Number of protein chains: 2
Amino acid sequence: MSPAENATRPGGRTARTRAAVLAAVGEELAEHGYDGLTVDGVAARSGVHRTTVYRRWGTVEGLLVDLLTTGADDSWAPADTGSLEGDLVSLNREVRTALAAAASLTVAVIAASFRMQGAADALSGFWRDRYERSAIVVTRAIERGEVPAGTDAERVLMLATAPLYHQLVLRRQPMSAAVAKRYAEDAAAAARAGIVLQR
Amino acid sequence: MSPAENATRPGGRTARTRAAVLAAVGEELAEHGYDGLTVDGVAARSGVHRTTVYRRWGTVEGLLVDLLTTGADDSWAPADTGSLEGDLVSLNREVRTALAAAASLTVAVIAASFRMQGAADALSGFWRDRYERSAIVVTRAIERGEVPAGTDAERVLMLATAPLYHQLVLRRQPMSAAVAKRYAEDAAAAARAGIVLQR
DNA sequence: TTGTTAATGCGACTGGTGTTGCATTAAGAT
DNA sequence: ATCTTAATGCAACACCAGTCGCATTAACAA
């Protein structure tokens with residue numbers, strides 16, 4: 001980022017309060033979970049005044065959105081293991097780790113997205129970016145001749161990852177790493193069998 | 001149900017109140033969506049006093065849970081079309097219809113489940129029941145020799161339906177009936193190819 | 001019909017979230 | 001060093017959601 005950013009006065013104090021507040025959000029989230037996350041709690045822990053938090057972030061959801069966009073890793077890319085199956089297994093391992101954590105930031109933002117449009121948009125953008133970047137694992141598999149040309153990347157990724165979201169986030173049931181891996185293997189096998197073709 | 005139910009005094013007034021309130025919930029939900037659903041709004045529309053609603057249902061989530069469990073169809077069973085693919089396509093059509101509706105009760109309960117344990121439990125139970133009943137479509141396919149013995153019913157159902165939940169509920173992106181159908185076809189094809197075996 | 005009491009109606013109250021006007025502090029320019 | 005003003009601190013306030021005690025209504029039993 002450029003040192004000027006785009007804020008009107010991004011100097012030391014503003015940056016400090018912002019850092020203190022966002023850090024407090026992470027700590028409160030880990031300690032009390034999403035349900036126990038309140039603006040007052042964050043303000044008290046950060047040492048910043050209630051009013052300041054309300055003025056700059058508005059709501060709990062605003063805090064989460066800021067944390068999500070700030071924490072987004074611009075350099076993220078799916079692992080390149082040399083095979084589609086390996087890549088998908090690696091991807092599912094990452095997704096499972098993010099979702100199965102006791103106080104998952106991802107799950108917290110998902111919960112927030114049902115209440116606040118801003119959180120929904122941030123999450124939607126996050127996923128769009130991730131799935132676009134992930135499409136390369138299918139492209140590489142096509143180039144290697146591992147799967148047929150015309151294999152639908154989006155559908156392959158969906159078959160691999162969607163069960164994790166459904167079971168861990170919506171159904172709230174545990175899923176072992178082995179089962180998560182198996183969904184990745186299923187998606188890879190289906191792609192290799194020429195089942196997941198575009199039309 | 002037996003006429004006695006299990007309430008202490010289930011007579012005319014109680015039943016009327018309950019019916020009026022639950023009807024109001026449905027109407028408010030259709031009119032204002034989940035975000036605009038408030039206890040006061042429901043009470044005003046139903047003509048029942050605020051306090052009564054609070055006493056009997058506690059919160060908005062309690063109202064939704066009651067509506068969900070009341071509306072649950074005990075006789076539900078997956079369609080028997082004669083083929084695994086047909087059965088899964090039919091299933092996905094049902095799921096998509098339930099999720100894509102403008103003011104979907106299912107989506108409302110999902111949203112509520114992130115706030116209230118009772119809603120989460122009700123939803124969890126609802127899904128467990130549905131997936132257990134749905135497993136028969138794989139059993140039938142095995143009996144017909146359409147798919148190998150040892151095909152994992154749960155995984156087949158997950159591959160077919162999870163993408164719908166992920167895209168429609170979490171990513172909040174539209175999904176055409178054609179795409180929903182394709183995921184059902186993918187799952188059926190993968191099962192036929194012997195990819196989705198238990199281990 | 002009469003009596004009992006669960007269920008409901010009613011109003012006042014509490015607690016917590018979010019807002020507003022003004023004073024104070026400190027970042028950045030000169 | 002001094003000035004300007006954005007950012008923050010502070011206290012008082014408004015506003016809902018949710019609760020509580022008590023009065024009233026009506027379901028069920030006798």
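As the structure is a prediction and not an experimental result, all values here were calculated from the model. Below, chain A is the first sequence line, B the second, and so on; all start at residue 1.
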Inset, instruction - Nearest whole angstrom, please: distance from the C1' of D:dT19 to the CG of B:Asp40. - result: 13 Å
Legend entry - A:Ala100 backbone acceptor or donor facing A:Ser104 side chain under 3.5 Å: no
Inset, instruction - Answer yes or no: does a side-chain N or O of A:Thr14 lie under 4.0 Å from OP1 or OP2 of D:dA7? - result: no
Inset, instruction - Starting at atom CG of A:Leu37, determine the distance to atom P of C:dT17, rounded to an integer number of angstrom. - result: 11 Å
Legend entry - Close side-chain approach of A:Phe126 and B:Arg171, heavy atoms under 4.5 Å: no
Legend entry - Rounded interatomic separation in angstrom, taking CZ from B:Arg50 and P from C:dG11: 12 Å
Legend entry - Parallel, tilted or perpendicular, as decided by the 30° and 60° cut-offs, for the rings of B:Trp127 and A:His166: perpendicular
Inset, instruction - Please check the phosphate of D:dG9 (OP1 and OP2 only) for any side-chain N or O of A:Thr52 closer than 4.0 Å. - result: yes
Legend entry - d(CZ, A:Arg56; C1', D:dG9) in whole Å: 14 Å
Inset, instruction - Report yes if at least one side-chain N or O of B:His49 is closer than 4.0 Å to OP1 or OP2 of C:dT8; otherwise report no. - result: no
Inset, instruction - Round to the nearest Å and state the distance from B:Trp57 atom CH2 to D:dA17 atom P. - result: 18 Å
Inset, instruction - Using only heavy-atom distances, decide whether a donor-acceptor pair under 3.5 angstrom links the side-chain of A:Thr51 to the base of D:dA7. - result: no
Legend entry - 5' priority, DNA chain C, between B:Val48 and A:Thr38 [closest heavy atom]: B:Val48
Inset, instruction - Find the distance B:Tyr54:OH to C:dC10:C1' and express it as a whole number of Å. - result: 15 Å
Legend entry - For atom CG of B:Asp35 and atom C1' of D:dA17, their distance in whole Å: 16 Å
Legend entry - Side-chain (B:Glu85) to main-chain (B:Ala184) donor-acceptor, under 3.5 angstrom: no
Legend entry - Sidechain-backbone polar pair: A:Arg155 side chain, A:Leu197 backbone, donor-acceptor under 3.5 Å: yes
Legend entry - Residue B:Arg16, side-chain atoms from C-beta onward, closest of D:dT19, C:dG18, D:dA27: D:dA27
Inset, instruction - Grab the CZ-P distance between A:Arg55 and C:dT17 for me, whole Å please. - result: 18 Å
Legend entry - N or O in side chain of B:Thr17 less than 4.0 angstrom from C:dT8 OP1/OP2: yes
